[in-house]
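One structure is given below, encoded as structure tokens.
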2 protein chains.
Amino acid sequence: MRQFTWDDLQYFLAVARTGQLTTAARRLRTNHVTVSRRIDRLEEALSARLFERNPRGYILTALGEKLIESAEIVEREADRFQNEASGGTISLSGVVRLSILEGFANFFLADRLPLMAQSYPSLSIEMVTIQQIVSLSRREADLSITLHATRTGPYHQEKLMPYRLFIYGSKDYLSRHPEIRQQSDLSSHQFIGYIEDMIFTPGLDYMREILPGLRASYQSSSIFAQLSATRSSFGLCILPYYIACNYPELVPVLPRQLHLNRDYWLICHEDIVSTPRIRVLSNFIKSELENQTEIFGGQSLLA
Amino acid sequence: MRQFTWDDLQYFLAVARTGQLTTAARRLRTNHVTVSRRIDRLEEALSARLFERNPRGYILTALGEKLIESAEIVEREADRFQNEASGGTISLSGVVRLSILEGFANFFLADRLPLMAQSYPSLSIEMVTIQQIVSLSRREADLSITLHATRTGPYHQEKLMPYRLFIYGSKDYLSRHPEIRQQSDLSSHQFIGYIEDMIFTPGLDYMREILPGLRASYQSSSIFAQLSATRSSFGLCILPYYIACNYPELVPVLPRQLHLNRDYWLICHEDIVSTPRIRVLSNFIKSELENQTEIFGGQSLLA
DNA sequence: CAGTGAATGTACATTTTTGTACTTATTATG
DNA sequence: CATAATAAGTACAAAAATGTACATTCACTG
């Protein structure tokens, strides 16, 4: 009979949090096969079933749910151990340059990163909000958040968070136009979107995907500008739920029929993935994202 | 660069507690080579030195000392995890039969084991105090505490605790006799000891080792009887420090020159070593022994 | 209702970890 | 001062864990 090893708790937590072997594997810098085997082994050692398996992912059993808390204490303390061993906070210094998509940077990280920065006074954090993909290979950034994994290369990449986009209009704008009942009603509206020639990553080409043939009449390379235009009733705009939900005057249009799914990815060089300053920062981002799936998924609009 | 794994904390704790690779290895059911490698790896991952190495054993550095606490929290919580996963306290039932040397049983465990038994109401603990080695192979006991490791066989065995024995006499007895200044003065005294034909384990043959040629004039197979006789001033007796130190009327004789070292060993079948009820009991015994090295070693008498 | 994508599952080659046998070093002992 | 005992260190063989490539399953989509 297999024996229980503390290390497997790390795998347990990763799978519990991501709900998937594959995503957990990326987070643990290994592959789904290994994760699967270690979960099997853990269950065997405990003679208990921790997850329900299905082809779409793993979900915690009631027992697994109960054990999360305990595993998290182990995690917290192991982290503390590692931190103290490395001399604690003081030793964390230097510069980390983050290259982050504008929306995520401004609407999620902007008011959270400073808190982090405070805890590490001698660590200097540089957040570059980008509209072009910044080259990690030329070290223009240490850590990058994008919409896609890179095909190959010496990078560590993990899926950070899925999010969902809907079509929004302001209350005012919608009240001045006939009610939108089906997709075809949209063609008579004005749209706000990205500048087509400047779309630097396929994931941002929303219009082509959701409203093929339509063209935005007001185009900006900045999501902030698009949001402003939408709020001032210029027209309809495709926006992430996690951004739009902060503005009560914005109303989703046909949310059940029309929405898009995207994923944020966290990417960095293999060489630096395990350095303390990178680890601290990426752990911070991941921990801030935890339990925020509703904010990013906008499930309430689909029910 | 190696990466930090939670599992290595188990090795860290074991070495910190036993002070030796070899003993830690037995406790972890592996060998000293593996333990050494995992400590090396841990230190490398943390870029920090946790132990001072020398041929007699490993001792914690100041940093290592500081980290113990954190590692112990991890341990406690990992144990809790394992316990809860297996259904918690309730599932722990059945019988465990312990076969324990009389002295250790009566003078150390007797008033501690009941506490343990209380926490597991449906677990029934049977403590057999033995003067013959009980056969583990015929399952006359599940867990056994002895003075020696068995030569071979399908057993898990670990060194539990070293202890030291001294020659004692009562204050009254010693005051009625001329002062004992050297070993040769002892031959004129009456001795209390084990019945020679009934010494079932070589480790109990104290007299031959410390006072060759002498024979005890009062012999009993029970250490309790020997203690009583010594306290009532019948003569001198070789007693473990951890027992004698509870009786202020007992005075050690030539402690620096004359003392014996012994070790308690914990032995059980490989097959059952990892069952919860065995694990709980042996962990309890080990935890009760922790920080009791002074009581067992009697270092104060050697200084 | 076939095709695509994204997930888990399986088989085998590779790498890593572990254990055994032996060597070396230090302490206690006669 | 040699010898025994006990611990750590080293080299190589055995065993186990890992990663890659491929197969399978299920949901979504046109």
Side-chain angles (χ1 to χ4, degrees), chain A residues 1-3 5 7-8 10-11 14-15 18-42 44-45 51-59 148-149 152 156-159 162 164 183 202-203 208-210 212 256-263 265 270 302, chain B residues 1-3 5 7-8 10-11 15 18-26 28-42 44-45 51-59 148-149 152 159 162 164 183 202-203 209-210 212 256-263 265 270 302:
Chain A
M1 183 184 166
R2 291 254 171 251
Q3 83 170 23
T5 134
D7 216 40
D8 290 343
Q10 222 168 155
Y11 290 76
V15 175
T18 62
Q20 287 179 184
L21 295 186
T22 317
T23 314
R26 270 190 295 259
R27 195 159 288 195
L28 296 162
R29 305 185 224 311
T30 176
N31 56 56
H32 69 100
V33 187
T34 301
V35 179
S36 155
R37 285 189 281 231
R38 300 201 50 159
I39 296 296
D40 290 350
R41 186 168 75 177
L42 179 62
E44 201 183 323
F51 294 98
E52 299 289 349
R53 289 135 166 86
N54 56 59
R56 300 297 288 169
Y58 275 44
I59 54 173
H148 296 283
T152 52
H156 165 71
Q157 38 200 5
E158 60 183 271
K159 202 185 273 186
R164 202 168 271 128
Q183 189 165 350
R208 189 189 303 274
E209 189 167 328
I210 208 167
R256 256 167 304 176
Q257 294 93 307
L258 295 172
H259 56 258
L260 285 169
N261 297 308
R262 290 290 183 273
D263 300 292
W265 287 76
E270 257 174 23
L302 301 176
Chain B
M1 181 185 167
R2 292 255 172 248
Q3 84 169 22
T5 131
D7 216 39
D8 290 342
Q10 223 168 156
Y11 290 76
V15 175
T18 62
Q20 287 179 184
L21 295 186
T22 318
T23 314
R26 271 191 293 262
L28 296 163
R29 305 185 224 312
T30 176
N31 56 56
H32 70 100
V33 188
T34 301
V35 179
S36 154
R37 285 189 282 231
R38 301 205 43 162
I39 296 295
D40 290 349
R41 187 167 75 176
L42 178 62
E44 201 183 323
F51 294 98
E52 299 288 348
R53 288 131 165 90
N54 57 57
R56 298 299 287 170
Y58 276 43
I59 52 173
H148 295 284
T152 51
K159 204 185 273 186
R164 201 169 271 127
Q183 189 166 350
E209 189 167 329
I210 208 167
R256 250 158 317 166
Q257 294 94 309
L258 296 171
H259 57 256
L260 285 170
N261 296 310
R262 290 290 183 271
D263 300 292
W265 287 76
E270 258 174 22
L302 303 176

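Chain letters run A, B, ... following the sequence lines, proteins first and then strands; every chain starts at 1. Quick note: numbers below take in every heavy atom, side chains included, and nothing from hydrogens, waters or symmetry partners.
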Grab the [atom1]-[atom2] distance between [X] and [N] for me, whole Å please.
| X | N | atom1 | atom2 | result |
| --- | --- | --- | --- | --- |
| A:Asn31 | D:dA17 | CG | C1' | 11 Å |
| B:Asp263 | D:dA5 | CG | C1' | 12 Å |
| B:Arg29 | D:dA15 | CZ | C1' | 20 Å |
| A:Asp40 | C:dT8 | CG | P | 12 Å |
| B:Arg262 | C:dA28 | CZ | C1' | 15 Å |
| B:Asp7 | D:dT18 | CG | P | 11 Å |
| B:Gln257 | C:dT29 | CD | C1' | 15 Å |
| A:Arg164 | D:dC28 | CZ | P | 11 Å |

The side chain of [X] lies closest to which of these nucleotides: [options]?
| X | options | result |
| --- | --- | --- |
| A:Arg38 | C:dT18, D:dT18, D:dT10 | D:dT18 |
| A:Arg56 | D:dT20, C:dG5, C:dT8 | C:dG5 |
| B:His32 | C:dT18, D:dG19, D:dG9 | D:dG9 |
| A:Thr22 | D:dT10, C:dG9, C:dA7 | C:dA7 |

Beyond-backbone contact of [X] with [Y], side-chain heavy atoms, under 4.5 angstrom:
| X | Y | value |
| --- | --- | --- |
| A:Leu302 | A:Arg164 | yes |
| A:Tyr11 | A:Arg41 | no |
| A:Arg29 | A:Glu158 | yes |

Would you say a side-chain N or O of B:Tyr11 is under 4.0 Å from OP1 or OP2 of C:dT17?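 For C:dT17, OP1/OP2 do not have a side-chain N/O of B:Tyr11 under 4.0 Å.
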B:Thr30 side chain N/O closer than 4.0 Å to the phosphate oxygens (OP1, OP2) of C:dG19?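 So the side-chain polar atoms of B:Thr30 do come within 4.0 Å of the phosphate oxygens OP1 or OP2 of C:dG19, strictly under.
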What is the nucleic acid contact for B:Arg37, judged by heavy atoms within less than 4.0 Å: base, sugar-phosphate only, or nothing?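 Here B:Arg37 touches the bases of the nucleic acid.
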Under 4.0 angstrom, heavy atoms only, what part of the nucleic acid is A:Arg41 near: base, sugar-phosphate, or nothing?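 Contact class for A:Arg41: sugar-phosphate only.
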Under 4.0 Å between a side-chain nitrogen and a carboxylate oxygen: does that hold for B:Arg53 and B:Asp40?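 Salt bridge present between B:Arg53 and B:Asp40.
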Pick the closest DNA chain D nucleotide for B:Asn54 and for A:Val33 by heavy atoms, then say which residue is nearer the 5' end.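 By nearest-heavy-atom nucleotide position, the 5'-most residue is B:Asn54.
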Which sits closer to the 5' end of DNA chain C, B:Asn261 or B:Thr34, going by the nucleotide each is nearest to?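 Per heavy-atom nearest nucleotide, the more 5' residue is B:Thr34.
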Search all heavy atoms of A:Lys159 against all heavy atoms of A:Thr23 and return the closest pair with its distance.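 Looks like O-CG2, 3.8 Å.
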